[in-house]
Amino acid sequence: MSMTPRPPIPSFIPESAPFTPEQRTWLNGLLAGLFGLQESVTPLSSAEAAKLLPGLIGDPAAPAPSDDSADDGAPWHDPAMPLPDRMKLAEGKPLPRRMMAAMAQQDCGQCGYNCNDYAGALFAKSEKRLNLCVPGGKETARMLKQLYQEFDGAPAPTIPAPATPPEAKAAAVSPPGRSRDNPTYAAFLSRRRLNKPGSEKETWHVDIDLSGTDLDYVVGDSFGIFPANDQDLVAAVLAAIEAPPDFPIAERTLREVLTDGVSLSPAPDMLFQLISYLTGGDRKQKARLLAAGEDPDGDAATLDVLAALHKFPGVRPDPEAFIEALDPLQPRLYSISSSPKTDPARISLTVDSVRYEIDKRTRLGVCSTFLGSRIASGDKVRVYIQKAPHFALPDDPSKPIIMIGPGTGIAPFRAFLNERQATRATGRNWLFFGHQRSNYDFFYEDELVAMRSAGLLTRLTLAWSRDSEKKIYVQHRMREVGRDLWSWLNDGAHVYVCGDALRMAKDVEAALVDIIAQHGGCAPAEAVKFLAELKAKGRYQADVY
Ligand SMILES: Cc1cc2nc3c(=O)[nH]c(=O)nc-3n(C[C@H](O)[C@H](O)[C@H](O)COP(=O)(O)OP(=O)(O)OC[C@H]3O[C@@H](n4cnc5c(N)ncnc54)[C@H](O)[C@@H]3O)c2cc1C
Ligand SMILES: NC(=O)c1ccc[n+]([C@@H]2O[C@H](COP(=O)([O-])OP(=O)(O)OC[C@H]3O[C@@H](n4cnc5c(N)ncnc54)[C@H](OP(=O)(O)O)[C@@H]3O)[C@@H](O)[C@H]2O)c1
């Protein structure tokens with residue numbers, strides 16, 4: 001293979017700057033590339049890049065640098081901030097920082113990284129999949145595609161959805177069941193509804209059998225599940241494209257690939273692009289606009305794959321091209337709600353089934369309804385453990401803990417309590433739980449009441465949002481008992497929050513700041529600093545989604 005000689009790289013980084021010669025050379029090359037003085041920058045492997053620029057570039061194999069390691073403080077790292085505002089804050093920053101700002105900022109781990117490291121891996125080109133951010137969805141994928149083109153003007157890579165059977169492509173990147181890239185199989189055991197009849201919610205306690213696997217876990221970890229699409233939806237999609245279910249796609253049938261290979265939820269830009277090639281006139285123009293992220297008819301947000309096909313009736317794409325235009329079906333994560341100390345072979349989850357209606361069709365959250373209604377006892381499901389080293393019980397079992405987990409946010413706290421019971425930890429435990437109605441939505445009521453009676457659960461504070469005219473949320477209850485919360489904090493308590501990232505977690509944090517300011521007798525800015533210190537010491541941890 002012949003090598004083209006490269007022109008000398010101009011120097012932008014002064015000799016006095018605090019970089020090694022290797023870092024300086026690479027940064028000069030990068031800046032030359034960005035300023036258009038060199039045709040392109042030689043991509044580094046993620047390991048090389050991470051070694052040269054620790055903190056700026058993540059390596060999936062290396063320990064994750066925290067966001068704090070970057071000196072800009074990542075002010076966009078707020079899951080409640082809309083994407084345009086995040087991008088504005090990151091304007092003018094180096095490409096990896098802008099890529100990070102495009103992520104949904106939940107650090108949820110569903111992509112297999114945190115937000116910073118996913119951006120780093122894309123920048124280092126060790127990761128090419130631009131559509132891994134589940135909470136960011138199409139919006140994030142589109143922005144990443146746009147940013148990706150800044151590398152060298154090349155179009156973003158297109159990663160087709162997997163047509164091969166899952167077994168055939170399981171890369172041995174980690175032991176089975178230890179990452180989303182190499183899941184293992186576990187058997188579904190059972191589900192039990194946690195709400196009583198009359199509830200507006202459908203939340204399930206789910207048990208899965210780990211005995212046929214080598215998996216182990218610690219409380220605080222999450223469980224990754226690869227779901228399967230609803231068979232009625234698959235049949236409707238097959239009918240819409242007028243394709244036979246047994247049409248061969250690689251070594252599988254079209255129906256099989258539609259079942260567990262591709263997402264049938266938001267219609268991806270690529271599908272509209274494909275449709276634009278197959279139509280003409282106004283329809284072509286509309287499909288083109290939709291592919292570019294525009295909303296010609298004001299219905300773009302409602303278009304899942306089936307609705308997109310119905311919007312362009314009569315389009316009959318080649319089944320293989322159709323599959324390639326869809327996104328891969330991603331696994332979903334669930335906080336584990338059991339302790340291995342209780343039963344190492346059985347893992348429990350607490351799953352809220354997502355169902356909503358658009359245009360008279362009930363849309364199903366793919367994984368939550370898979371666990372809540374489609375999977376049957378004994379069925380095997382592809383799973384993995386997602387470690388959560390930053391969401392863990394204190395090392396010292398005598399430390400008090402305060403757990404704030406409305407709705408399914410209770411999941412990891414059931415696990416914490418079972419663990420503290422099994423290990424006879426002496427620390428005090430305080431749980432804030434809340435949900436819609438006390439009569440219907442008091443998850444694990446018997447267990448919690450028994451733990452309260454036994455003294456394990458030192459305090460149980462409840463907030464019911466729909467029992468009265470006035471909404472009562474966990475943070476309202478926290479403010480009512482602010483003095484005691486402050487006293488627990490002074491006793492060294494660790495604070496944990498789990499559940500909704502967009503509203504609840506932010507409001508709970510604001511309530512804590514107010515409590516610290518009021519009962520600690522300090523200014524709000526000091527209270528914010530106090531909370532930041534708790535976070536830095538690992539005494540305030542969040543598992544939010
Ligand atoms: C670390 C972590 C832990 C988690 N733990 C839990 C847990 O313990 N329990 C739990 O239940 N979930 C948990 N989740 C969330 C879980 O991973 C899934 O996101 C959730 O179950 C929904 O997935 P789904 O496949 O059922 O829905 P999807 O098919 O992904 O559909 C959900 C999407 O549907 C859309 N949608 C939802 N409702 C509406 C509506 N009313 N109108 C219009 N659009 C709507 C939204 O775009 C939403 O993103 C956790 C997530 C993370 C990251
Ligand atoms: N990605 C997904 O699609 C997906 C799937 C499942 C759950 N979720 C999200 O994850 C979260 C957890 O769902 P869940 O079923 O466990 O319960 P939930 O919908 O969060 O509700 C739990 C309790 O929290 C209350 N609440 C609402 N806003 C709040 C706020 N700002 N501060 C404090 N409490 C607040 C609710 O009250 P009211 O409802 O009465 O206001 C309810 O009493 C939800 O936000 C849900 O949207 C997302």
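Indexing begins at 1, ligand by ligand and atom by atom, following the structure's order. We count residues from 1, following the sequence as given.
Phe433 and His435 have perpendicular rings, their planes meeting at more than 60° on a 0 to 90° scale where under 30° would count as parallel. Relative orientation of the Tyr118 and Tyr113 rings is parallel, given thresholds of 30° and 60° on the angle between their planes.
A side-chain donor from one of Thr369 and Arg374 sits under 3.5 Å from a side-chain acceptor of the other. No side-chain donor-acceptor contact under 3.5 Å links Gln518 and Arg479. For Asp107 and His77, the side-chain atoms include at least one donor-acceptor pair closer than 3.5 Å. A donor atom on one side chain and an acceptor atom on the other are not found under 3.5 Å apart for Ser222 and Gln386. No side-chain N or O of Ser179 forms a donor-acceptor pair with one of Asp181 less than 3.5 Å apart. For the residue pair Ser465/Gln436, the side-chain donor-acceptor check at 3.5 Å is not satisfied. Using a 3.5 Å distance cut-off with no hydrogens or angles, the side chains of Ser337 and Thr350 do pair a donor with an acceptor. With no hydrogens or angles considered, no side-chain donor-acceptor pair links Ser263 and Asp327 at under 3.5 Å. Under the 3.5 Å distance criterion, with hydrogens and angles disregarded, a donor-acceptor pair is assigned to the side chains of Thr203 and Asp352.
Distance check for atom 5 (C) of ligand 2: a protein heavy atom is found below 4.0 Å. Within 4.0 Å of atom 46 (C) of ligand 2, not a single protein heavy atom is present. Distance screen at 4.0 Å: atom 12 (N) of ligand 1 has a protein heavy-atom neighbour inside the cut-off. Remark: atom 15 (C) of ligand 1 lies closer than 4.0 Å to at least one protein heavy atom. Atom 27 (O) of ligand 1 lies below 4.0 Å from at least one non-hydrogen atom of the protein. Under the 4.0 angstrom criterion, atom 50 (C) of ligand 1 counts as having a protein heavy-atom contact. For atom 19 (O) of ligand 1, no protein non-hydrogen atom is found at a distance below 4.0 Å. Proximity of atom 8 (N) of ligand 2 to the protein is not indicated, since no non-hydrogen protein atom lies closer than 4.0 angstrom. Within the 4.0 Å cut-off (strictly below), no protein heavy atom is located near atom 2 (C) of ligand 2.
Within the listing of ligand 2, atoms 6 (C), 15 (O) sit less than 4.0 angstrom from a heavy atom of Asp352. Atoms of ligand 2 lying under 4.0 Å from any heavy atom of Lys201, numbered from 1 in the order shown and given with element: 14 (P), 15 (O), 17 (O), 19 (O). Ligand 2 places these atoms under 4.0 Å from at least one heavy atom of Thr408: 12 (C), 14 (P), 16 (O).
In this structure, of Ala104, Ser265, Ser335, the residue bringing a heavy atom nearest to atom 8 (O) of ligand 1 is Ser335. If you check each of Glu202, Arg466, Gln475 against atom 32 (N) of ligand 2, the one with the closest non-hydrogen atom is Gln475. The nearest non-hydrogen atom to atom 10 (C) of ligand 1, considering only Phe391, Phe223, Tyr334, comes from Tyr334. The residue among Thr302, Val206, Leu333 with a heavy atom at the shortest distance from atom 17 (O) of ligand 1 is Leu333. Checking Thr350, Val351, Thr203 against atom 9 (N) of ligand 1, the nearest heavy atom belongs to Thr350. Ranked by closest heavy atom to atom 30 (O) of ligand 1, the top entry among Gln386, Lys138, Arg332 is Arg332.
Results of the side-chain contact (heavy atoms from CB on, under 4.5 Å) test with Val305 over Leu233, Leu264, Asn229 single out Leu264 as the only residue that passes.
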Residue pair Val383, Phe223: steps toward the side chain to side chain contact (heavy atoms under 4.5 Å, CB included) verdict: CA-CA 7 Å; Val383 301; Phe223 202 50; 3.5 Å; yes
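Between the side chain of Asn114 and the backbone N or O of Asn116 there is at least one donor-acceptor pair closer than 3.5 Å.
Looking only at heavy atoms of the protein, atom 29 (O) of ligand 1 is closest to Val366 N, 2.9 Å. Summary of contacts: the protein heavy atom closest to atom 41 (N) of ligand 1 is Tyr356 CB, 3.5 Å. In this structure, atom 6 (C) of ligand 1 lies nearest to the protein heavy atom Tyr545 CZ, 3.5 Å.
Checking only distances, Arg503 does come within under 3.5 Å of ligand 2, N or O to N or O.
Only the side chain of Val354 comes within 4.0 Å of ligand 1, judged by heavy-atom distances. The side chain of Val354, and not its backbone, has at least one atom closer than 4.0 Å to an atom of ligand 2 (non-hydrogen atoms only; side chain from C-beta on). Under 4.0 Å from ligand 1, not a single heavy atom of Gln106 appears.
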